Amino acid sequence: MINYRFTFQGAFATTDGLVELTVLETVYEEKKRQLLKRIQSYIEEKWSRAPP
């Protein structure tokens with residue numbers, strides 16, 4: 001599922017070797033909420049048109 005979570009990871013060379021770390025991690029809650037609302041509307045619409 002699309003969760004609007006974005007992660008920026010980097011690998012950096014140091015004198016002790018390569019270091020990998022997360023530079024930025026964010027979640028766009030408003031976009032996530034909108035997506036879930038649209039999915040719910042789509043499902044409700046399909047169920048309401050389903051033949052008995």
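Everything quoted here is computed from the prediction, not taken from an experiment. Only heavy atoms go into these numbers, but all of them, side chains included; no hydrogens, no water, no symmetry mates. Throughout, numbering of the chain's residues begins at 1 and tracks the sequence.
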From L36 CG over to S41 OG, what is the distance, rounded to the nearest 0.5 angstrom? 11.0 Å
Determine, using the 4.5 Å side-chain heavy-atom cutoff (strictly less than), whether Y4 and F8 are members of one ILVMFWY cluster. no
Heavy-atom count around F6 CZ within 6.0 Å, excluding the residue itself: above 12? yes
When rounded to the nearest 0.5 angstrom, what distance separates CG in L24 from CG in L21? 11.5 Å
Once rounded to the nearest 0.5 Å, what's the spacing between atom CD of Q40 and atom CD of E45? 13.0 Å
Note: G10 and V23 closest approach over all heavy atoms is N-CG2, 4.1 Å
Separation of R5 CZ from E29 CD (nearest 0.5 Å): 8.0 Å
How about CD on E44, more than 12 heavy atoms from neighbouring residues, nucleotides or ligands closer than 6.0 Å, or not? yes
Taking C-beta and beyond as the side chain, do Y28 and L35 meet within less than 4.5 Å on heavy atoms? no
